[in-house]
Amino acid sequence: MASVRKREWTYKGEKKSAYVVCYKDHDGKRRMKTFDRRKDADKYRDEVASILLRGERVSAPQATTVRAVIEMYLRHCEDKARDGRIGKAHLYNQQRMLSRSIIPYIGDMNIRDIKSGTIEDLYQNLCRKDGVKPQTARHRIGIFKMVQDYAYKRGIINTRPVSDGIEELRGIKKQEISTFTNEEVAILLDGAKERKFKGHKRAAEYGNIFVHLAAFCGLRIGEIMGLTLDCIDFGNRMILVRRSLSRHDGLKAPKTPASIRDVPMPVHIALMLRSWLDKFYLKNKLNLVFTTAEAKPIDISGFHQALWRPLLARCGLYRERDPFHFHALRHFAASRWIDRGLPPQDVAALLGHSRVELTMRVYVHRVSRSTHRLRDAIDGMAADLLALPPTIDGTLIRGDATPNLVASF
């Protein structure tokens, strides 16, 4: 792994000697370092052996700042986005998170000085000074870990302190996603029918349809905005999810291969879509069902600002802290399907998930706060499965004893 050899030579008639430590670094390259004393050479050899045993590099890379490495990493990501290895939205998210959350705190540090404790301090600053939630802070540090991996693979750093720091953050409880109850969705659906004061009728109309497509069909906002004419099957009352509209990537394939799916649409949504196409459809290059009055794709942020948030406000559901996202309607749809008896496998397929575990863990919530329905369901199960009449202390309950017993409770 590492060895010491004595080197002797003559310089201007004078005999000289030194001790050379030879080793093969983690990148496969042969390296050596020279010492005057055997004692120093042996000490360095032991250090090298220990470093290599841990799977780290021995060679000392050129010192550089976190800011400079992030810039190198982002240029690398731009190349990947250019040839399609990553999406532009993914690139934009990394640029935004690194510039907002990492560079302001540790951008001027030498990247080789980053330690596990540095990551803990960064996490605390994000939570306390920036006011982000613990899970969000961990996610942003996770993006910085990608920078670390990039630097490690290129020999810029010898260790992976961000990975060690993230390990210390294990166990952070994920924030429970806010979703709607049956009653709240009923209020939303009723409010979505009303035209916003001084609002455009066309925008109000597609805003109403968006709410229904998310609440009843579980479509993502990008899938709704990316819906094209050829993906509405009125004959079979199906929506064929084949594309998604992104602010940065435009019209593209859905999020994952599993997201390509066929989703049944209720009769009332089919009627709403036919009415929209008859009254408001504008011919456009992408064949999008929903466009602006100028036949351009709808901007997602504009939709949230002009339609979604005002709708929540009108319905008395707007909250400054932990606000309802439009995506919460997709969570509601999943929960409602499970509540109505659809098997989890079918719900996962309708949502475009490849794993049922993800659907049940993340997307299924209680949609009713009433305990009567739960009690009735459990009573019904007991009545179906019990082969014998109920007994108390071994005494058979007969005749009108059962009503009296129930009344006593």
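Salt-bridge annotation for Arg237 and Asp233: absent, with no side-chain N of the basic residue lying under 4.0 Å from a carboxylate O of the acidic one. The pair Glu78-Lys80 fails the salt-bridge criterion, with no side-chain N (NZ, NE, NH1 or NH2) lying under 4.0 Å from an Asp/Glu carboxylate O. Salt-bridge check for Lys39 with Asp42: failed, with every basic side-chain N at 4.0 Å or more from each acidic carboxylate O. Look at Arg82 and Asp79 and you find a salt bridge, because one of the NZ, NE, NH1 or NH2 atoms lies within 4.0 Å of a carboxylate O, short of that distance. Salt bridge Lys43/Asp46: absent, no basic N to carboxylate O contact under 4.0 Å. The pair Asp149-Lys145 counts as a salt bridge, with a side-chain nitrogen and a carboxylate oxygen less than 4.0 angstrom apart. Between Glu294 and Lys296 there is no salt bridge, since no side-chain N of the basic residue sits under 4.0 Å from a carboxylate O of the acidic one.
If you look at Phe280 and Tyr206, their ring centroids are not closer than 6.0 Å. Residues Tyr281 and Phe290 keep their aromatic ring centres 6.0 Å or farther apart. In this structure, Tyr19 has its ring center at least 6.0 angstrom away from the ring center of Phe35. Ring centers of Phe216 and His268: under 6.0 Å apart, within the cut-off.
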Checklist entry - Asp130 and Tyr105: side chain to side chain donor-acceptor pair (under 3.5 Å), yes or no, with the steps? => result CA-CA 11 Å; Asp130 289 2; Tyr105 290 109; 2.7 Å; yes

Q) Can you check salt bridge (Lys or Arg N to Asp or Glu O under 4.0 Å) on Lys6 and Glu8, steps first, answer last? A) CA-CA 7 Å; Lys6 186 176 181 180; Glu8 296 179 329; 3.5 Å; yes

Q | Evaluation steps, side chain to side chain contact (heavy atoms under 4.5 Å, CB included), between His212 and Leu189 | A | CA-CA 7 Å; His212 282 260; Leu189 295 173; 3.7 Å; yes

Practice task
Please step through side chain to side chain donor-acceptor pair (under 3.5 Å) for the pair Thr159 and Arg112, ending with a clear verdict.
Solution key: CA-CA 8 Å; Thr159 59; Arg112 298 195 72 213; over 6 Å; no

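Within the model, atoms NZ of Lys33 and OH of Tyr44 stand 4.5 Å from one another, a figure rounded to the nearest 0.5 Å. Taken to the nearest 0.5 Å, the CG atom of Asn208 stands 8.5 Å off from the NZ atom of Lys193. Here the CG atom belonging to Leu91 is positioned 11.0 Å from the NE2 atom belonging to His76, to the nearest 0.5 angstrom.
Using a distance-only test at 3.5 Å, with no hydrogens or angles considered, a donor-acceptor pair links the side chain of Asn284 to the main chain of Leu282. Not one N or O on the side chain of Ser275 forms a donor-acceptor pair closer than 3.5 Å with the backbone of Leu271. Judged by distance alone, the side chain of Asp249 and the main-chain N or O of Lys88 form a donor-acceptor pair under 3.5 Å. Looking at Glu194, its side chain never comes within 3.5 Å of a backbone N or O of Gly191 through a donor-acceptor pair. No donor-acceptor pair closer than 3.5 Å links the side chain of Thr10 to the backbone N or O of Gly13. Judged by distance alone, the side chain of Thr228 and the main-chain N or O of Leu288 form no donor-acceptor pair under 3.5 Å. Looking at Arg202, its side chain does come within 3.5 Å of a backbone N or O of Thr291 through a donor-acceptor pair. Between the Arg85 side chain and the Ala81 main chain, no donor and acceptor come within less than 3.5 Å of each other. Judged purely by atom type and a 3.5 angstrom limit, Asn125 uses its side chain to pair as donor or acceptor with the backbone of Asp121. Distance alone, capped at 3.5 Å, is enough to place a donor-acceptor pair between the Arg330 side chain and the Leu351 backbone.
Side chain to side chain, Ser116 and Glu168 fail the donor-acceptor criterion of an N or O pair below 3.5 Å. When only modelled atom types and interatomic distance are considered, Arg96 and Ser101 share no side-chain donor-acceptor pair under 3.5 Å. Gln94 and Tyr73 are linked by a side-chain donor-acceptor pair at a separation below 3.5 angstrom, with hydrogens and angles left out of the test.
In this structure the side chain of Val241 never reaches within 4.5 angstrom of the side chain of Leu227, judged on heavy atoms. No side-chain heavy atom of Asp262 sits less than 4.5 Å from a side-chain heavy atom of Ile239. The closest side-chain heavy-atom distance from Asn110 to Val66 is not below 4.5 Å. Using a 4.5 Å heavy-atom threshold, the side chains of Arg31 and Val21 count as separate. Side chains of Thr118 and Pro161 form no contact here, defined as non-hydrogen atoms less than 4.5 Å apart. Residues Leu350 and Pro264 have side chains in contact (heavy-atom distance under 4.5 Å, counting atoms from C-beta outward). Proximity of Phe324 to Glu184: side-chain heavy atoms (C-beta onward) are separated by under 4.5 Å at one or more points. Looking at heavy atoms from C-beta onward, Phe144 lies in side-chain contact with Ile119 at the 4.5 angstrom threshold.
Dense packing is recorded around CZ of Arg319, with more than 12 heavy atoms of other residues, nucleotides or ligands lying under 6.0 Å away. Taking a 6.0 Å sphere around CZ of Arg128, one finds it holds 12 or fewer heavy atoms contributed by other residues, nucleotides or ligands.
Relative to the ring axis of Trp276, Arg274 does not place its NZ or CZ within 45° and under 6.0 Å from the centre.
Nearest heavy atoms, Met225 versus Ile300: SD-CG1, 3.3 Å. The minimum heavy-atom distance between Ala137 and Cys127, with the atom names listed, is CB-SG, 3.8 Å. Residues Pro297 and Leu286 come closest through the heavy atom pair CG-CD1, 4.3 Å. Of all heavy-atom pairs spanning Phe332 and Ala215, the tightest one is CD2-O, 3.8 Å.
Of the options Val185, Leu311, Leu312, a side-chain contact (heavy atoms from CB on, under 4.5 Å) to Leu317 is made by Leu312 and by none of the others. Each of Lys252, Arg242, Arg261, Arg243 was scored for a salt bridge (Lys or Arg N to Asp or Glu O under 4.0 Å) with Glu223, with one residue passing: Arg261.
Phe326 and Trp308 have perpendicular rings, their planes meeting at more than 60° on a 0 to 90° scale where under 30° would count as parallel.
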